S.K.: 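Below you will find the structure I want to go over with you.
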Amino acid sequence: MSVNKQVKRITTHTLQKMKAAGEKISMLTAYDFSFARIIDGAGMDVILVGDSASNVMAGHETTLPITLDQMIYHASSVIRGIERCFVVVDLPFGCYQSNSDIALASAIRIMKETGAHSVKLEGGEEVLDSVKKIVGAGIPVMGHLGLMPQSIYKFGTYEVRAREESEADKLRKDALLLQEAGCFALVLEKIPAGLAGEVSASLQIPTIGIGAGSGCDGQVLVMHDMLGINTEFKPRFLRQYLNIHELASDAVRRYISDVKKGDFPGPGEQY
Ligand code: KIV
């Protein structure tokens, strides 16, 4: 029987066992109660309350504007919708970079006010003190390397990262440092598949890839992209499983038409 099926709730321990057993980890973002219920009920291992909420829920161009209070709102809605998933919440931009005490205070607010199970933050060596402090307080931390959307203005592009040896080398070192600092898993975003496979094989902790190829220990996608709620965003790494945009637009058009014709509500739809 798969490791996933043996447990009532997914924990960091389950994820570690899945890596050891070579069982792939499924992770998807969610930002609200109703979708969290669907995703949890379908058997997902991990839900990420991503700061991509800034893009797909609030319509911002980047992840930078979302606040800690807004992340707490999304995360507590997700937590009310789950029974079994392990839930990771992004620490938003500005809530951990300045110093490790602020990082710990932000992580504690997320854990206390949402009931989530862990936090994620972007960066390697630069955020090590914060990772150690948060892990030291008993809070599981997921790292995030490669394309880090909170640094988009530094990168200046959403292109694949670490194609150059110097950046690939830093990523290899950062991955080891994050593991040593106590991270229970790492997201690897938009890096060459060969590098992601090599890093995954070199680590004891699981890696979760997005645009990082099949050599990662698990995969994550943004829910709005894979369900086709967002249809403009079509990177090569995305597999779109549904076109909700089209289905929902059609349903809304039919509703408008029924209202205009006086066809809705019908005799059986009123008191
Ligand atoms: O915020 C997010 O959705 C993420 C994923 C892209 C990994 O960090």
Side-chain angles (χ1 to χ4, degrees), residues 15 24-32 35-36 39 44-68 70-75 77-78 85-97 106-107 110 114 116-124 127 131 140-152 155 157-162 171 175 178 183-191 196 199-200 205-213 216-227 229-230 233-240:
L15 300 176
K24 297 280 187 186
I25 297 167
S26 58
M27 176 159 121
L28 188 62
T29 66
Y31 317 96
D32 67 11
F35 272 111
I39 293 167
M44 190 69 58
D45 297 313
V46 184
I47 286 182
L48 169 65
V49 184
D51 59 357
S52 48
S54 179
N55 310 106
V56 298
M57 299 299 288
H60 292 295
E61 200 182 320
T62 73
T63 57
L64 276 69
I66 199 159
T67 66
L68 185 57
Q70 288 165 341
M71 288 302 296
I72 286 171
Y73 167 78
H74 288 297
S77 307
V78 164
C85 268
F86 185 76
V87 176
V88 184
V89 182
D90 263 333
L91 281 172
F93 178 68
C95 292
Y96 62 94
Q97 289 90 347
S106 304
I110 286 178
T114 72
H117 312 131
S118 70
V119 297
K120 173 164 88 58
L121 48 75
E122 297 179 6
V127 295
V131 171
V141 176
M142 180 179 273
H144 184 150
L145 296 172
L147 178 65
M148 294 174 281
Q150 292 179 11
S151 301
I152 188 57
F155 295 145
T157 162
Y158 283 101
E159 288 297 297
V160 176
R161 303 306 312 175
L171 190 143
L178 288 170
C183 281
F184 72 92
L186 284 190
V187 164
L188 297 176
E189 180 164 355
K190 229 174 168 188
I191 60 171
V199 169
S200 304
I205 58 173
T207 59
I208 315 284
I210 174 164
C216 296
D217 301 302
Q219 298 293 327
V220 58
L221 286 175
V222 169
M223 179 190 79
H224 285 61
D225 301 335
M226 69 79 84
L227 291 181
I229 299 173
N230 246 356
F233 185 62
K234 284 201 163 76
R236 173 172 168 173
F237 68 76
L238 173 66
R239 188 176 293 180
Q240 194 183 308

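Since we're looking at a predicted model, the values are computed, not measured. Every number for a ligand or one of its atoms is a count from 1 in the order of the listing. Side-chain atoms are counted along with the backbone in the values below, which use heavy atoms only and exclude waters and symmetry mates.
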S.K.: Which ligand 1 atoms, with their elements, are less than 4.0 angstrom from a heavy-atom of G50?
M.R.: 1 (O), 2 (C), 3 (O)
S.K.: Give me the nearest non-hydrogen protein atom to atom 5 (C) of ligand 1 as residue plus atom name, then the distance to 0.1 Å.
M.R.: L48 CD2, 3.7 Å
S.K.: How does V222 reach ligand 1, if at all, at less than 4.0 Å between non-hydrogen atoms: by side chain, backbone, both, or neither?
M.R.: side chain
S.K.: If the plane angle is over 60° it's perpendicular, under 30° parallel, otherwise tilted; pick one for H224 and F35.
M.R.: tilted
S.K.: Apply side chain to side chain contact (heavy atoms under 4.5 Å, CB included) to the pair E189 and H144, showing each step before the final yes or no.
M.R.: CA-CA 7 Å; E189 180 164 355; H144 184 150; 2.9 Å; yes
S.K.: Mark the output for H144 as yes if a heavy-atom distance to ligand 1 is under 4.0 Å, and as no if none is.
M.R.: yes
S.K.: With a cut-off of 4.0 Å, which atoms of ligand 1 are near a heavy atom of D51?
M.R.: 1 (O)
S.K.: Mark up the atoms of ligand 1 that fall under 4.0 Å of a heavy atom belonging to I210, in ascending order.
M.R.: 6 (C)
S.K.: Keeping S26 on the side-chain end and D45 on the backbone end, is there a donor-acceptor pair under 3.5 Å?
M.R.: yes
S.K.: Counting both backbone and side chain atoms, is some N or O of E189 under 3.5 Å from an N or O of ligand 1?
M.R.: no
S.K.: Please check: side-chain N/O of E122 versus main-chain N/O of Q150, any donor-acceptor pairing under 3.5 Å?
M.R.: yes
S.K.: Is it the side chain (CB and beyond), the backbone, both or neither of D90 that lies under 4.0 Å from ligand 1, heavy atoms counted?
M.R.: side chain
S.K.: Closer than 4.0 angstrom: is that true for some heavy atom of K120 and an atom of ligand 1?
M.R.: yes
S.K.: How about OH on Y73, more than 12 heavy atoms from neighbouring residues, nucleotides or ligands closer than 6.0 Å, or not?
M.R.: no
S.K.: Applying side chain to side chain contact (heavy atoms under 4.5 Å, CB included), run through N55 and T63 and close with a yes or a no.
M.R.: CA-CA 6 Å; N55 310 106; T63 57; 3.4 Å; yes
S.K.: To check your reading of the model: name the closest protein heavy atom to atom 3 (O) of ligand 1, its residue, and the distance in Å.
M.R.: S52 OG, 2.5 Å
S.K.: Among L91, V49, V131, which one satisfies side-chain contact (heavy atoms from CB on, under 4.5 Å) with V119?
M.R.: L91
S.K.: Counting only nitrogen or oxygen atoms and a 3.5 angstrom limit, does T29 reach ligand 1?
M.R.: no
S.K.: Between S106 and C95 (side chain of the first, backbone of the second, donor and acceptor by atom type, cut-off under 3.5 Å), is there such a pair?
M.R.: yes
